[in-house]
Amino acid sequence: MPVSDQAFVTLATNDVYSQGALVLGQSLRNQRATRKLVVLITPQVSSLLRVILSKVFDEVIEVNLIDSADYIHLAFLKRPELGVTLTKLHCWTLTHYSKCVFLDADTLVLANIDELFDRTEFSAAPDPGWPDCFNSGVFVFQPSLETHGLLLQHATDHGSFDGADQGLLNSFFSSWSTADINKHLPFIYNLSSNTAYTYSPAFKRFGSSVKVVHFLGPTKPWNYKYNPQTGSVLEEGSGLANQHQTSFLNLWWKIYQHSILPLYGSFRVEEEHASPGHSAGIRELCTKPAAGSSQPWPAEGPSEQTVVTDDTPPSPKGCHSEDVDLAMSVFEISIEEKVKELSPEEERRKWEEGRIDYMGKDAFARIQEKLDRFLQ
Ligand SMILES: O=c1ccn([C@@H]2O[C@H](COP(=O)(O)OP(=O)(O)O[C@H]3O[C@H](CO)[C@@H](O)[C@H](O)[C@H]3O)[C@@H](O)[C@H]2O)c(=O)[nH]1
Ligand SMILES: [Mn+2]
């Protein structure tokens, strides 16, 4: 039975992490999740990605710390380095839900996990690096403005021992490791994708019952290139370690190829003709599937070796949002992050002018980039 006052919640502060959120949301749908799907986003997420996210999630909720209530604003100003952390804490403000399960955007759900709603706040699985701490990539919580305020107060007063949400949450819910074993989620609800490394017999014994895989660490599934013909990620340069990790990555990409890419198919805007003055979050370009084609995009299988027909150009297809380029050919798909480094002076000027963009690219950088491209 659907339960409408409970939700699975994730977070994406930019277009790149939105790709992860999309695959996660789709994986929950594939496993017939019976709760609402919610994604929290920040103003940096482009208009294109908002539309695509709304095709997978029941609610796409923008959170903007700058415009938020005074107590959030204050906590943020005192601890600007905790920007993304404070954003994750925003999930406690979803008070139209009575209970939620938070999942990082870099997790993938392999089985139905509705039973997590039988647990209570604060439940989480051990962190593989230090098992007396929980990992904050999967947790059960109860939205409450009071708890949210206390968490922010804690952040303001004590910061975070790891500079991010996991340290903060562990010191706030500090009795987790000793008080109540029911609040320890089994590791199968938050299996780090590279754990087979450290205890492979356990993986052999329990690995098949895994329900949630977490691609924690610096290299995310979207950092790999994928061959849609073979259905596997390309290993060159990626330092792939073991076959379990590879098969989880392939699963992620399979969902991306078959269920997420087709969502982009209906967008077609000519970016290169955009005037630089109209660049705020628009002008995404994405070529359509070949006319008359009902196949997933790009087409798959040996009998459909080409996705190009007469009315589409015979070059690799591309799709852009403000922060990501999707490079696509018959043999390779990749999600490329546009790198936009600001000099320290530029960063300072932004702060002085009150254009606080602690999470990365802001409109100015985008407009500048467009201008540069336009003038070239
Ligand atoms: O630029 C960013 C960075 C993070 N996130 C969101 O925040 C989550 C956490 O970041 P992630 O890159 O997944 O961190 P991990 O590699 O998983 O590292 C660990 O450390 C983080 C910081 O403490 C915790 O949030 C994670 O749960 C924990 O697994 C992501 O999944 C996203 O939902 C964004 O939206 N944009
Ligand atoms: Mn994560």
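In each ligand, atom 1 is the first atom listed, and ligand 1 is the first ligand listed. Note that this is a predicted model, so its numbers are computed, not measured.
Contact check for Val140 versus Lys183: no side-chain heavy atoms found under the 4.5 Å cut-off. For the pair Asn64 and Thr42, the minimum side-chain heavy-atom distance is 4.5 Å or more. The side-chain heavy atoms of Ile72 and His148, taken from C-beta on, include a pair separated by under 4.5 Å.
When the Mn ion (ligand 2) is compared with the N/O/S atoms of Asp104, atom OD2 turns out nearest.
Only the side chain of Asp162 comes within 4.0 Å of ligand 1, judged by heavy-atom distances. At a heavy-atom cutoff of 4.0 Å, ligand 1 is contacted by the side chain of Asn135 but not by its backbone.
Distances below 4.0 Å separate heavy atoms of Leu216 from the following atoms of ligand 1: 16 (O), 17 (O), 29 (O). The Gly137 neighbourhood of ligand 1 comprises atoms 27 (O), with distances under 4.0 Å to a heavy atom of that residue. Against a heavy-atom cut-off of under 4.0 Å, Ala12 is close to the following atoms of ligand 1: 35 (O). Residue Asp104 approaches ligand 1 through these ligand atoms, each under 4.0 Å from one of its heavy atoms: 8 (C), 9 (C), 13 (O), 17 (O), 26 (C), 27 (O), 31 (O).
Classification of the Phe117-Phe8 ring pair by plane angle, with boundaries at 30° and 60°, yields perpendicular.
No side-chain donor from either of Asp132 and Ser177 sits under 3.5 Å from a side-chain acceptor of the other.
The heavy atom nearest to atom 25 (O) of ligand 1, out of those in Asp165, Thr87, Leu168, is found in Asp165. When the options Thr85, Thr13, Asn14, Thr42 are ranked by their closest heavy atom to atom 36 (N) of ligand 1, first place goes to Thr13. Atom 23 (O) of ligand 1 has its nearest heavy-atom neighbour, among Lys220, Gln166, His214, Gln44, in Gln166.
Note: no N/O pair closer than 3.5 Å links Val84 and ligand 1 by distance alone. Of the N or O atoms in Phe215, none lie within a sub-3.5 Å distance of an N or O in ligand 1.
Screening Asp165, Thr85, Asn170 for a side-chain hydrogen bond (donor to acceptor under 3.5 Å, both in side chains) involving Ser136 leaves a single residue, Asp165. For the side chain to side chain contact (heavy atoms under 4.5 Å, CB included) criterion with Trp253, the lone passing option out of Ile260, Val23, Ile335 is Ile335.
Aromatic pair Trp92/Phe139: ring centres closer than 6.0 Å.
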